[in-house]
Trainee: 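Structure below; questions to follow.
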Amino acid sequence: MFGNYSSATEFCLLGFPGSQGLHHILFATFLFFYSVTLMGNTVIVVAVCVDKRLQSPMYFFLGHLSALEILITSVIVPIMLWGLLLPGMQTISLAGCVAQLFLYLALGTTEFALLGAMAVDRYVAVCHPLRYNIIMNSHTCIWVVSVSWLFGFLSEIWPVYATFQLTFCKSNVLDHFLCDRGQLLKLSCDDTVLTEFVLFLMAVFIIVGSLAPTVVSYTYIISTILKIPSASGRRKAFSTCASHFTFVVIGYGTCLFLYVKPKQTQAAEYNKIVSLLISVLTPFLNPFIFTLRNDKVKEVLRDTVKHCCQFFKD
């Protein structure tokens with residue numbers, strides 16, 4: 001569909017600079033991160049699905065968040081690892097580039113929508129605990145998650161279409177390890193000012209728009225927690241939000257630097273670092289953030305390990 005608009009039928013990814021020895025070190029490092037990411041997030045998804053103690057809205061959302069992290073990192077990292085093993089530049093077809101960029105952006109947008117929903121869930125849990133089960137019932141949770149996935153994928157159709165409608169005649173070499181939109185715009189011979197401005201407005205709407213309910217929710221949450229008379233009560237109330245808040249700071253912080261800027265064609269080194277934070281580090285940290293700070297998840301994981309050990313002994 002996009003081939004009629006572009007002179008390039010494939011793109012070359014420069015990947016990471018340095019010697020082949022350095023590439024092998026990076027390969028081993030990123031493979032370790034990727035393996036831990038897959039295992040950690042898969043454990044969370046399975047635990048949420050099978051353990052009755054985790055059958056609540058917060059863990060239902062957490063299961064979908066972990067699934068998103070698996071998908072996001074799987075869209076980027078395997079191709080990046082393959083590029084580190086190959087000498088020279090790695091090629092990716094036009095269709096492959098379209099698919100990678102769309103999935104990367106769509107899954108990321110879905111994650112932002114889900115993070116906003118999780119913030120509202122924490123607000124209801126802390127500020128309206130007696131009505132929590134009524135407000136956040138199973139129908140509401142399924143509806144919220146469905147809307148988040150639908151919004152994420154539908155909202156990125158036009159941005160990706162507009163990007164590949166441009167004519168890429170300067171070169172077909174992308175100074176990146178993925179099909180980065182900023183690098184693609186650099187290759188275009190067309191005037192991209194209007195396109196970049198519209199993409200900037202959409203990024204503001206998506207990222208800042210999903211951040212707004214998070215900020216409002218945590219304003220009320222913090223206000224409510226400070227009114228709790230006992231220190232233990234305040235700690236318990238804050239512990240229910242600490243993991244989500246930590247993830248929000250990391251996730252939004254990196255994406256605000258990468259996407260919410262009028263000029264999309266940022267320096268390649270800058271884009272690579274931030275992209276690594278989004279596609280490698282954040283998915284890697286997700287299981288640790290939500291397990292090390294959550295007593296119920298730790299309890300479920302301990303019991304699962306005990307049952308597995310008992311099974312193998314028998």
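Treat the numbers as computed from the prediction; the structure is a model and nothing was measured.
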Trainee: Indicate yes or no: at least one non-hydrogen side-chain atom of Leu178 is less than 4.5 angstrom from one of Leu13.
Mentor: no
Trainee: Find the distance between CZ (Arg181) and CG (Leu174) and round it off to the nearest 0.5 Å.
Mentor: 14.0 Å
Trainee: Look at Lys272 together with Asp180 and state whether they make a salt bridge at an N to O cut-off of under 4.0 Å.
Mentor: no
Trainee: Which heavy atom of Ser217 sits nearest a heavy atom of Ala119, and at what distance?
Mentor: CB-O, 3.5 Å
Trainee: So which heavy atom on Leu185 is nearest to which on Leu199, and how close?
Mentor: CD1-CD1, 4.4 Å
Trainee: Over all heavy atoms of both residues, which pair between Glu156 and Thr109 is shortest? Give the atoms and the distance, please.
Mentor: OE2-OG1, 2.8 Å
Trainee: Could you state the interatomic distance from CG (Asn41) to CG (Leu38), rounded to the nearest 0.5 Å?
Mentor: 8.0 Å
Trainee: Determine the interplanar angle of the Phe197 and Phe200 rings, folded into 0 to 90°, and report it as parallel if under 30°, tilted if 30 to 60°, perpendicular if over 60°.
Mentor: tilted
Trainee: Is there a side-chain contact (heavy atoms from CB on, under 4.5 Å) between Cys97 and Leu184 once you walk through the steps?
Mentor: CA-CA 10 Å; Cys97 193; Leu184 286 167; 4.3 Å; yes
Trainee: Which atom names give the shortest non-hydrogen contact between His23 and Gly18, and what distance separates them?
Mentor: NE2-O, 3.7 Å
Trainee: Going by heavy atoms in the side chains, are Leu150 and Val147 under 4.5 Å from each other?
Mentor: no
Trainee: Measure the shortest side-chain to side-chain distance between Leu94 and Phe11 over non-hydrogen atoms and say whether it is less than 4.5 angstrom.
Mentor: yes
Trainee: Are Phe32 and Phe288 in one and the same hydrophobic cluster, where Ile, Leu, Val, Met, Phe, Trp and Tyr link if side-chain heavy atoms are under 4.5 Å apart?
Mentor: yes
Trainee: Taking all non-hydrogen atoms of both residues, which atom of Gly83 and which atom of Gln90 are closest, and how far apart?
Mentor: CA-OE1, 3.3 Å
Trainee: Between Ser223 and Thr219 (side chain of the first, backbone of the second, donor and acceptor by atom type, cut-off under 3.5 Å), is there such a pair?
Mentor: no
Trainee: How about Val126 and Tyr220: do any of their side-chain heavy atoms sit closer than 4.5 Å?
Mentor: no
Trainee: For Tyr59 and Gln55, run side chain to side chain donor-acceptor pair (under 3.5 Å): C-alpha distance rounded to whole Å, both residues' side-chain angles, the deciding distance at 0.1 Å, then the answer.
Mentor: CA-CA 7 Å; Tyr59 300 110; Gln55 300 299 311; over 6 Å; no
Trainee: Are Phe112 and Ser148 close enough that some pair of their side-chain heavy atoms sits under 4.5 Å apart?
Mentor: no
Trainee: At their closest point, which heavy atom of Val75 faces which heavy atom of Gln100, and how far apart are they?
Mentor: O-NE2, 3.3 Å
Trainee: Once rounded to the nearest 0.5 Å, what's the spacing between atom CZ of Phe30 and atom OG of Ser35?
Mentor: 13.0 Å
Trainee: Quick one: does Phe177's side chain get under 4.5 Å of Val77's, heavy atoms only?
Mentor: no
Trainee: For Ser93 and Gly96, indicate whether the former's side chain and the latter's backbone hold a donor-acceptor pair under 3.5 Å.
Mentor: yes
Trainee: So how far is it from Asn286 CG to Ile44 CD1, rounded to the nearest 0.5 Å?
Mentor: 5.5 Å
Trainee: Give the C-alpha distance, both sets of side-chain angles, the deciding distance and a yes or no for ring-ring contact (aromatic ring centres under 6.0 Å, His included) between Phe60 and His64.
Mentor: CA-CA 7 Å; Phe60 178 71; His64 280 269; 4.9 Å; yes
Trainee: Looking at side-chain heavy atoms only, is the closest gap between Met80 and Leu276 below 4.5 Å?
Mentor: yes
Trainee: After noting the C-alpha distance and the side-chain angles of Thr37 and Ile70, does the key distance pass the side-chain contact (heavy atoms from CB on, under 4.5 Å) rule?
Mentor: CA-CA 7 Å; Thr37 298; Ile70 292 171; 5.6 Å; no
Trainee: Evaluate Cys141 against Val145 for side-chain contact (heavy atoms from CB on, under 4.5 Å), listing each step before the verdict.
Mentor: CA-CA 6 Å; Cys141 293; Val145 166; 5.6 Å; no
Trainee: Begin with the C-alpha distance, continue with both residues' side-chain angles, and end with the deciding distance and a verdict on side-chain contact (heavy atoms from CB on, under 4.5 Å) for Trp149 and Leu68.
Mentor: CA-CA 10 Å; Trp149 282 89; Leu68 280 166; 3.4 Å; yes
Trainee: Under 30°, 30 to 60°, or over 60°: which ring-plane class applies to Phe284 and Phe33, parallel, tilted or perpendicular?
Mentor: tilted
Trainee: Side-chain contact, heavy-atom cut-off 4.5 Å: Met58 with Asp121?
Mentor: yes
